[in-house]
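Report on the following structure.
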Protein chains: 2
Amino acid sequence: MIELRHLRYAVTVADEGHITRAAERLGIQQPPLSQQIRNLEDLVGATLFQRLPRGVALTEAGRTFVDRARIILQDVDLAVEATRRNARGEEGSLAIGFTSSAAFHPLVTTAVRSLGEISPGVRIKLEESSTSDLIEALRAQLIDVAFVRSPVEQSKGLSVSKILDEEMFVALPDSHRLVVKGARRTSPIQLSDLADESFILYRRPSGPGFYDAIIAACGRAGFSPQVKHEAPRLMSTLSLVAAGLGISIIPNSMTRLETNGIAYLPLDRRTQLVAPLHLAHRSEPSGGALKLFIEIVSRAVPELG
Amino acid sequence: MIELRHLRYAVTVADEGHITRAAERLGIQQPPLSQQIRNLEDLVGATLFQRLPRGVALTEAGRTFVDRARIILQDVDLAVEATRRNARGEEGSLAIGFTSSAAFHPLVTTAVRSLGEISPGVRIKLEESSTSDLIEALRAQLIDVAFVRSPVEQSKGLSVSKILDEEMFVALPDSHRLVVKGARRTSPIQLSDLADESFILYRRPSGPGFYDAIIAACGRAGFSPQVKHEAPRLMSTLSLVAAGLGISIIPNSMTRLETNGIAYLPLDRRTQLVAPLHLAHRSEPSGGALKLFIEIVSRAVPELG
DNA sequence: TCATGTCATATCCTGAAAGTATGCAATTAG
DNA sequence: CTAATTGCATACTTTCAGGATATGACATGA
């Protein structure tokens, strides 16, 4: 069976035109090199070198072989290098998923941008979907990593770590009585302040989300919110708020949507109503771009559980 | 050091997705295969397979490696095949030299045509020159084989074998007294019949050739020929003959030149004046197209010394 | 003719690949 | 929930081929 050793030896002998010198360069003795060359010639079934009184010279068949051997040896090196680059996350591809509510979080956008800067060779594919669909997609190998909102059961085969808890804000029409004109920041609002308000909440068809968390928090605050409207997406929710049809509660990062006619007021932390952001990926020993991306996210967060 | 064995193993494991089955296909046991895969991963410096509860699966880096490994293994096979074809004389190149007096011999043209038919992949290069220049060219590796006329000293490093002896013909103006009109063939002519003729001979600047052989044969026949004219090339010699300025003596194969005004009459064999044709090549153990060509020539000749 | 340089051959040794036995972990069947 | 099954990993042994050493064969050149 031909091995790369044979190619390396043949190339060196061809370069030196001299078995003894080639052996020296290869760090072995002359007799084993002679044998290996002979062995190679037997395997190939052709004389590759003609033995001269002083040294050896390639036959035409030998030149054919050695020329190709050089290329093959180079290809092996290239293959190893490419594999290493891939493993280091310098090349390859990474499919990143996120929920619509995570799309605007600076951590997400920053991490994606960082990956692109650190490893320009990585093809990044972005996918926006609901938490449950993202989990599904992770399982189906459609995406490699996802930013999701809680609650996420620690389902098997997946590794989910909480990155941070976002504070929640009340979104209300800027004509609302709770909005102090001219002052952009006011003191935190208590959930109980909203007991008499009409709520506009968005609920996703699949799985529990903010909806249930908000209902539960209101319950803890001693009232049951009047949910006048529901909307399928966040943007439509905010539209309804702007139209003065009620108020809503959204994570901090989404207040960046500077929508006309909407004011954002911080909720008191003691309401325990927060929007956690999780990073999820298959719990395989991740390497390559995925590992790098996880590291980037970890570094961007004070601590990652 | 990475060997082809590693590539073969990795490809098989990737194909089977299963180390045990791959080992079976490779004709080895599972533990050594596991070890070799691990060993390869260490050499490359990346995890190529993720171990699953049932079987193994390629990592992205692993796919990069295996994809390239397949190509490399194929390239090795192709290299071996190409080398064999070259050694068998199915590919490669062959530079063939011949003297001008051999150019018209059917053996030469037939052999060259046969090579082209048997091995269309061989690039054939033809070179016409004098015997001594051809010998020179053989030494300088400019040509690989040559058809030459005698005498050729059995010089070192070269192998020269006589292919055949061509009978000689007398070329004379068709108005000559010796030419029997209407009869194309006459009984052989004796050299002594030509004792009173004017000879036109061609002599090459380098080395002895027919010139001396003819003079010597005439001497044996009991006369010294009157060399009225000399010409540098055969064609000009024949022109002088056609012009009626004298006669000449040429090898059989050259009588194919149906020149107007010239008649060719066979010389009696007993004159011992013949034109030997030799095949010369470097006495290296010849392989490839050269070996094939020598075989073709040998086969075309009753026996080759 | 003798010294020199070079490849080939013969023999021994070593190391690495392959074999054997078994352990460990996870899945699946009962 | 336990037991059986499956499949990779680990530990240890064996074998064989690649490498080392010594020497031979052969041609060259002084």
Side-chain angles (χ1 to χ4, degrees), chain A residues 1-44 47-59 62 66 139 154-159 282-285, chain B residues 1-44 47-59 62 66 139 154-159 282-285:
Chain A
M1 198 105 290
I2 291 187
E3 293 295 340
L4 289 179
R5 167 173 34 85
H6 292 117
L7 308 199
R8 288 189 261 262
Y9 287 2
V11 166
T12 308
V13 170
D15 284 344
E16 296 288 339
H18 205 276
I19 293 189
T20 306
R21 271 203 302 275
E24 201 173 335
R25 238 182 69 186
L26 288 165
I28 63 174
Q29 296 304 112
Q30 168 263 318
L33 182 55
S34 287
Q35 283 175 358
Q36 289 296 314
I37 293 294
R38 164 64 56 104
N39 183 225
L40 173 62
E41 290 179 324
D42 288 348
L43 288 169
V44 173
T47 303
L48 304 179
F49 296 93
Q50 44 170 304
R51 277 65 171 179
L52 305 176
R54 296 286 159 102
V56 297
L58 279 174
T59 62
V66 167
R139 282 241 164 67
Q154 281 285 351
S155 59
K156 204 158 150 212
L158 293 187
S159 159
R282 288 185 297 282
S283 46
E284 303 158 2
Chain B
M1 198 104 292
I2 291 186
E3 292 295 340
L4 289 180
R5 167 173 33 84
H6 293 117
L7 307 198
R8 287 189 262 262
Y9 287 2
V11 166
T12 307
V13 170
D15 284 345
E16 296 287 338
H18 204 277
I19 291 188
T20 307
R21 271 203 301 276
E24 201 173 332
R25 240 184 67 187
L26 289 166
I28 63 173
Q29 297 304 113
Q30 168 263 317
L33 182 55
S34 286
Q35 281 174 359
Q36 289 297 313
I37 293 294
R38 163 65 54 104
N39 182 227
L40 172 61
E41 290 179 325
D42 289 347
L43 288 168
V44 173
T47 302
L48 304 179
F49 296 93
Q50 43 169 304
R51 277 64 171 178
L52 304 176
R54 297 286 160 104
V56 297
L58 279 174
T59 62
V66 168
R139 281 242 166 65
Q154 281 284 352
S155 59
K156 202 157 149 212
L158 293 187
S159 158
R282 288 184 297 282
S283 47
E284 303 159 0

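Chain identifiers are assigned alphabetically (A, B, ...) following the order of the sequence lines, protein sequences preceding nucleic acid strands; residue numbering begins at 1 within each chain. Just the heavy atoms: all of them, side chains too, but no hydrogens, waters or symmetry mates, feed the values below.
- Taking atom CD1 on B:I19 and atom P on D:dT10, their separation rounds to 11 Å, with Å as the unit.
- Of the candidates C:dC7, C:dA21, D:dG19, the closest approach to any side-chain atom of B:P31 belongs to C:dA21.
- An OP1 or OP2 oxygen of C:dA8 is reached within less than 4.0 angstrom by no side-chain nitrogen or oxygen of A:Q35.
- Distance, A:L26 CG to D:dA20 P: 11 Å, rounded to whole Å.
- For the pair A:N39 CG and D:dG19 C1', the interatomic distance rounds to 13 Å; values are reported in whole Å.
- Nucleic acid contact class of A:F49 (heavy atoms, under 4.0 Å, all strands): none.
- Among C:dC7, D:dC8, C:dT9, the nucleotide with an atom closest to any side-chain atom of A:R38 is C:dT9.
- Taking every side-chain heavy atom of B:P53 into account, C:dA26 is the closest of C:dA17, C:dA26, C:dA10.
- We find that CD of A:E41 is positioned 13 Å from P of C:dC7, with the value rounded to whole Å.
- Here B:R51 reaches the OP1 or OP2 of D:dA9: one of its side-chain N or O atoms lies under 4.0 Å away.
- Of the listed nucleotides (C:dA26, C:dT20, C:dT6), C:dT6 has the atom at the smallest distance from the side chain of A:T20.
- Distances were taken from every side-chain heavy atom of A:R54 (C-beta onward) to each of C:dA18, C:dG19, C:dT6; the shortest belongs to C:dT6.
- Minimum atom distance to the side chain of A:V56 is reached by C:dC7, of the listed C:dC7, D:dA9, C:dA18.
- For the pair B:L52 CG and D:dT5 P, the computed distance is 23 Å after rounding to whole Å.
- Side-chain proximity of B:H18 to C:dC7, D:dG7, C:dA26: nearest is D:dG7.
- Residue A:L40 contributes atom CG, which lies 15 Å from atom C1' of D:dG18 at whole-angstrom precision.
- Within the 4.0 Å cut-off from OP1 or OP2 of D:dC8, not a single side-chain nitrogen or oxygen of B:S34 is found.
- Each of C:dA26, C:dC7, D:dG19 was ranked by its minimum atom distance to the side chain of A:Q30; first place goes to C:dC7.
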